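Keep in mind that what you see is a predicted model, and the values were worked out from it rather than measured. Proteins get letters first, then strands, A, B, ... in listed order; numbering begins at 1 in each.
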Amino acid sequence: MSNIYESLQERGFVQQCTNAEDVSKVLSDNPITYYVGFDPTADSLHAGSLVPIMAMAHLQRAGHKPIAIIGGGTTMIGDPTDKTEMRPMISVEQVDKNGARILKQLQRYLDLDNNAGMFLNNAEWLLSLNYIEFLRDIGKHFRVNEMIRAEGYRQRLERELGLSFLEFNYQLLQAYDYLCLFQKYDCVLQLGGDDQWGNILAGVDLVRRIEGERVHGLTFPLLTTAGGAKMGKTAGGAVWLDAEKTSSYQFYQYWINIDDRDVERFLAYFTFLPMDEVRRLGNLEHDAIREAKAVLAYQATTLAHGQDEADKAQETSQAAFGGGGLDLDAMPTTAIPIDQLNTGIPIMDLFHQVGLASSKSEARRLIQQGGAYINEKQFKAIDVIVDANMLDEDALLLRAGKKRYHRVVPE
RNA sequence: GGGGGUGUGCUUGAGCGGUCAAAAAGGGCAGACUGUAAAUCUGUUGGCUAUGCCUACGGCGGUUCGAAUCCGUCCGCCCCCA
């Protein structure tokens, strides 16, 4: 087996690491248990979370045992790290609900059946903590002057937003997580985004102070696209892993539409293709690079939604943009009562109603600027009334701009 | 506890009591170009029953013919002193 640490490094997963040699050795000697924390404030993970997920998957394939934890306890505080504002606090019930959905998503990438891997909620051990005991046993190991040197806290201290005592404790709790996982499950490696570096180190220190054992930490680079945007964000919002929030077709399209400059990096992060292949695809130029994007999109979609969905998304995409006509089935569709169509609907209302424009004013703008199409025919007049006569094969195909389609069927 | 600041549209950030739906930049959207990419150029960017009306400049109240702009008060945040 080739060295998994080097492999992670080659694929770009390693940003910082407590000690490269140690970590590399630990990972190649014996199977170990490692963990990553996920934020349960939303009911789905998004494309940005794929970096840790893929790293975990690589490690699991190499024989190590993952623990995914959600911060049910810590979320109730709000993480100040690298945020210009506090994360919202949410209720226990909400965390449980979100956690269940997140688990499902993780299971597409990881085996978390308690044998090969685990899924835990840190509320399990955090909620029952006794304040005095915690201060005495854990708090005494932390130096405030060290803590406030941490970048995340420092920013908050220097800027206008301030930092509540509550948030200031976040680092202790996360360090305590690591300690618990070490004690209970022999977990000796924590991974996380680079913004978590300080918190990870705090945990490493805490385990050393209390248990006298050396555990390890590793961070991933915080991905931004070549255009400078946050990974996994589009104009329409985040690219979610939940198919109900981001359809597999939209998911596929996200990867197709990435910047040329991101292709190689993303193939390394978000597929399991061997690096030779990744580099070959990354070196394609001009038109050919679309082939590489198609591979990326197909692979990433297969991982997130399964092969069937990936096949469908691919077909739809090729049909829509390859010139062969559109795959109507995969398109977002709105049903409109037939008598409403017989009466006729003002074009602005129609575009607004199906969600291609967020307000009627926006629909008006879209139309006036020539971005509105019905059945591939451009409409620039805002006073057009759309009625049943315009149905083409019993449907209307609306298009806003170049890429956003919506189908309307009578019912 | 005392003193001084500050709070503006998706974001940053200008704003004289009327000509402010509010400069500017970023972001978004549309058009041209193109490879479903990038860069560039152009237009546009609160809502609506639309040459007008409504809602907006931290909350509430007041002064005024008229307030984002003045006053009071409350809330949040920052700085200095204690």
Side-chain angles (χ1 to χ4, degrees), chain A residues 78 80 83-86 88 153-167 224-231 233-239 247 249-267 281-298 300-301 313-327 330-331 345-349 351-374 376 378-383 385 398-406:
Chain A
K83 298 277 166 178
T84 39
E85 58 195 81
M86 198 164 135
Y153 287 121
R154 200 173 65 206
Q155 273 187 22
R156 284 292 293 274
L157 287 169
E158 280 170 6
R159 288 174 198 235
E160 304 176 350
L161 288 156
L163 179 70
S164 72
F165 181 68
L166 189 75
E167 296 168 84
T224 49
T225 64
K230 254 191 195 161
M231 178 64 216
K233 298 274 157 119
T234 67
V239 177
S247 73
Y249 173 68
Q250 289 171 316
F251 189 80
Y252 183 92
Q253 285 298 313
Y254 172 74
W255 301 106
I256 288 286
N257 283 318
I258 60 166
D259 195 304
D260 285 4
R261 292 169 288 177
D262 288 325
V263 170
E264 185 167 327
R265 265 190 328 143
F266 285 9
L267 280 164
L281 290 166
N283 281 328
L284 295 174
E285 286 184 340
H286 306 295
D287 287 17
I289 200 150
R290 282 182 300 156
E291 181 202 325
K293 290 184 187 179
V295 172
L296 169 65
Y298 183 76
T301 309
Q314 189 179 44
E315 278 168 34
T316 307
S317 177
Q318 282 171 354
F321 296 102
L326 294 158
D327 181 354
M331 199 173 289
I345 305 171
I347 186 166
M348 288 196 316
D349 293 17
F351 272 82
H352 171 53
Q353 204 175 326
V354 302
L356 288 174
S358 63
S359 70
K360 283 191 200 173
S361 296
E362 196 180 304
R364 166 192 303 266
R365 256 175 250 129
L366 182 74
I367 294 161
Q368 285 173 335
Q369 292 177 139
Y373 295 79
I374 298 178
E376 293 306 320
Q378 188 183 49
F379 282 82
K380 285 189 97 160
I382 55 168
D383 51 6
I385 303 292
L398 306 190
R399 189 174 113 214
K402 272 177 267 190
K403 298 182 204 168
R404 287 149 56 221
Y405 285 91
H406 201 103

Distance, rounded to the nearest Å, where [X] contributes [atom1] and [N] contributes [atom2]:
X        : N     : atom1 : atom2 : answer
A/Lys380 : B/G31 : NZ    : C1'   : 8 Å
A/Phe379 : B/G31 : CZ    : P     : 16 Å
A/Lys293 : B/A37 : NZ    : P     : 7 Å
A/Ile382 : B/A30 : CD1   : C1'   : 16 Å
A/Arg399 : B/A30 : CZ    : P     : 10 Å
A/Trp255 : B/A37 : CH2   : C1'   : 15 Å
A/Gln378 : B/A32 : CD    : P     : 8 Å

**OP:** Would you kindly check whether a donor in the side chain of A/Gln369 faces an acceptor in the base of B/G31, or vice versa, at under 3.5 angstrom?
**Re:**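 Such a pair does not exist between side chain and base.
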Should [N] form a Watson-Crick or G-U wobble pair with both distances under 3.5 Å, which nucleotide is its partner?
N     : result
B/U36 : none
B/U19 : none
B/C41 : B/G31
B/G7  : B/C75
B/A24 : B/U12
B/U69 : none
B/C53 : B/G47

So if I take every side-chain heavy atom of [X] and compare against [options], which nucleotide ends up nearest?
X        : options             : answer
A/Lys402 : B/A37, B/C33, B/C29 : B/C33
A/Ser317 : B/A37, B/U36, B/A30 : B/U36
A/Ile289 : B/C29, B/U36, B/G35 : B/G35
A/Arg261 : B/A38, B/C29, B/A37 : B/A38

**OP:** Summarise protein proximity over nucleotides 46-56 of chain B in one line of letters, 5' to 3': B for base, S for sugar-phosphate only, - for none, counting protein heavy atoms closer than 4.0 Å.
**Re:** -SBSB------
Original post:
Roughly how far apart are A/Ile289 CD1 and A/Glu264 CD, rounded to 0.5 Å?
Top reply: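 Between A/Ile289 CD1 and A/Glu264 CD, I get 9.0 Å after rounding to 0.5 Å.
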Main-chain N/O of [Y] paired with [X] side-chain donor or acceptor, under 3.5 Å:
X        : Y        : result
A/Arg364 : A/Ile382 : no
A/Glu362 : A/Ala357 : no
A/Arg290 : A/Ala292 : no
A/Lys293 : A/Ile258 : yes

Is any side-chain heavy atom of [Y] closer than 4.5 Å to one of [X]?
X        : Y        : answer
A/Gln250 : A/Val239 : no
A/Phe351 : A/Ile374 : yes
A/Lys360 : A/Asp349 : yes

Original post:
Looking only at atom P, what distance separates B/A21 and B/U55, rounded to whole Å?
Top reply: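 It comes out at 13 Å once rounded to the nearest Å.
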Subject >> Nearest-angstrom distance, C1' atom, B/A39 to B/G4 >> reply: 48 Å
**OP:** Map A/Lys403 and A/Tyr373 onto RNA chain B by nearest heavy atom, then report which one ends up closer to the 5' terminus.
**Re:**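 Closest to the 5' end, via its nearest nucleotide, is A/Tyr373.
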Base, sugar-phosphate or nothing for [X]? Non-hydrogen atoms, less than 4.0 Å.
X        : value
A/Ile256 : base
A/Gln253 : base
A/Ala400 : sugar-phosphate

Original post:
Using a cut-off of less than 4.0 Å, is there contact between a side-chain N or O of A/Arg290 and OP1 or OP2 of B/U36?
Top reply: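 It does, given that an N or O in the side chain of A/Arg290 lies less than 4.0 Å from OP1 or OP2 of B/U36.
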